[in-house]
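First up is the structure itself, then whatever we jot down about it.
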Amino acid sequence: MEKIILDCDPGHDDAIAILLAAGNPKIDLLGITTVSGNHNVDNTTRNALSVCTAYGIKVPVAKGSPGPLIIDQVLAVEIHGDTGLDGPVLPPASFALDKRHAVDFIIDTVMAHEPKTVTLVPVGPYTNIALAVRKDPRIVERVKRVVAMGGSFTRGNITPAAEFNVYADPEAADVVFRADWDVTMVGLDLTHQALATPDLQDRVRAIGGPMARFILDIWAFIATTHGGLLQIEYPAIHDACCVAAMIDPTIFITERADIRVEIAGRWTKGMTVCNFEKMGGMRHFGGTASEQTDFRHTVAMKLDHAKFCDLIVDALERLTRQ
Ligand code: BDR
Ligand code: CA
């Protein structure tokens, strides 16, 4: 079983990531931590608790950072609505938050488990993860790996250059990509292949019941907001891709690269600049020799969409039956 902490900002696709993690027997969901991103942290936390309440998911939920490390808060209200999860109707949360701040929950949980057994899965801005690294750097050595939704090597979705999770806290992303741990970037290049196609929607409809309705309502809402900027035909199920990779590592083709986060660019702030080893990688990023390239990051390139859909349907069926 893969032990994970899901750090999220629900968020429509975040909610699907929660359900996939809770509904697959290969995942041991140690806890959910929340962050400001798609909406403020009060709303993302309430949404996480409501999803867990609605579908009987009994894991600790710890509330995290109310805003980015340095820049002003950026929300995705135009995509996720005024509640952060507009569209579907969820019950009010009926269980209590973990008493710890998300940052302490992450540190405690990683340190309480055997070395190299816990994977961090951030699918919102990386503020909590960066603060945890700063507060207790021992976690860098201790975690198994980080599988993060965010970034892109082709184009952005909030600016031409930047993807939302990185743009919303670029300094935090910089901390995460510079730390000496194993990071996989699951960026837009990959998640724009993880679409809720009509065929997938039909399979979910066939499951029936409130959870299937919830997922269909998520996609119906996102279909109205994801808009022309993204030029994708159906809603992207971004965040669930990271969980899917934890369940079945063969679901992506990956490549090695050196990834740097642009934190200063006037037009490119939040860009993830990828130097791919396979494409003949530049020996230097520029600057001093100490900034020499080291291809230690993994980039998700190609998704097996059929396998991905099977995992989503399988998790929803299991949770519906239980
Ligand atoms: C990311 O931004 C959010 O809106 C989604 O939940 C996802 O994590 C995609 O850019
Ligand atoms: Ca998210």
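Because the structure is a prediction, the values reported are computed rather than measured. Throughout, numbering of the chain's residues begins at 1 and tracks the sequence. In listed order, ligands and their atoms are each counted from 1.
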Salt-bridged, Arg46 to Asp42, with N to O below 4.0 Å?
-> no

Salt-bridge test for Lys144 and Glu2: reply yes if a basic N is under 4.0 Å from a carboxylate O, no otherwise.
-> yes

Which protein non-hydrogen atom lies closest to atom 8 (O) of ligand 1, naming both residue and atom, and how far is it?
-> Asp239 OD1, 2.6 Å

Return a yes/no value for Asn165: is any of its N or O atoms, backbone included, closer than 3.5 angstrom to an N or O of ligand 1?
-> yes

Any donor-acceptor N/O pair, Gln193 side chain to Leu303 backbone, under 3.5 Å | yes

Report, in ascending order of atom number, the atoms of ligand 1 lying under 4.0 Å from any heavy atom of Met149.
-> 1 (C), 7 (C), 8 (O), 9 (C)

Atom 6 (O) of ligand 1: nearest protein contact (heavy atom, Å) | Asp13 OD1, 2.7 Å

In the protein, how many N/O/S atoms are under 3.0 Å from the Ca ion (ligand 2)?
-> 5

Any chance the rings of Phe295 and Phe276 have centres within less than 6.0 Å?
-> no

Should Lys278 and Glu255 count as an ion pair when the cut-off is N to O under 4.0 Å?
-> yes

Should the proximity of Asn157 to ligand 1, defined as any heavy atom under 4.0 Å, be assigned to the side chain, the backbone, both, or neither?
-> side chain

Polar-atom distance check: Glu163 versus ligand 1, any N or O pair below 3.5 Å?
-> yes

Keeping the roles fixed (side chain from Asp189, backbone from Met301), state whether a donor-acceptor pair exists under 3.5 Å.
-> no

Ile79 touching ligand 1 at heavy-atom level, < 4.0 angstrom | no

Charged N to carboxylate O below 4.0 Å: is that the case for Arg296 and Asp258?
-> no

Would you mind running through ligand 1 and noting each atom that sits below 4.0 Å from a heavy atom of Asp14?
-> 6 (O)

Short N-O contact, Arg205 and Asp202, less than 4.0 angstrom | yes

Of all protein heavy atoms, the one nearest atom 3 (C) of ligand 1 is Asn38 OD1, 3.1 Å

Would you check if Asn128 and Ile106 make a side-chain contact, meaning some heavy-atom pair closer than 4.5 Å?
-> yes

Residues Arg203 and Asp310 bridged, charged N to O under 4.0 Å = yes

Checking heavy atoms under 4.0 Å, the part of Val123 that sits near ligand 1 is backbone

Crowded around Gln73 CD? As in, over 12 foreign heavy atoms under 6.0 Å?
-> yes

Is there a heavy atom of His12 sitting under 4.0 angstrom from any atom of ligand 1?
-> no

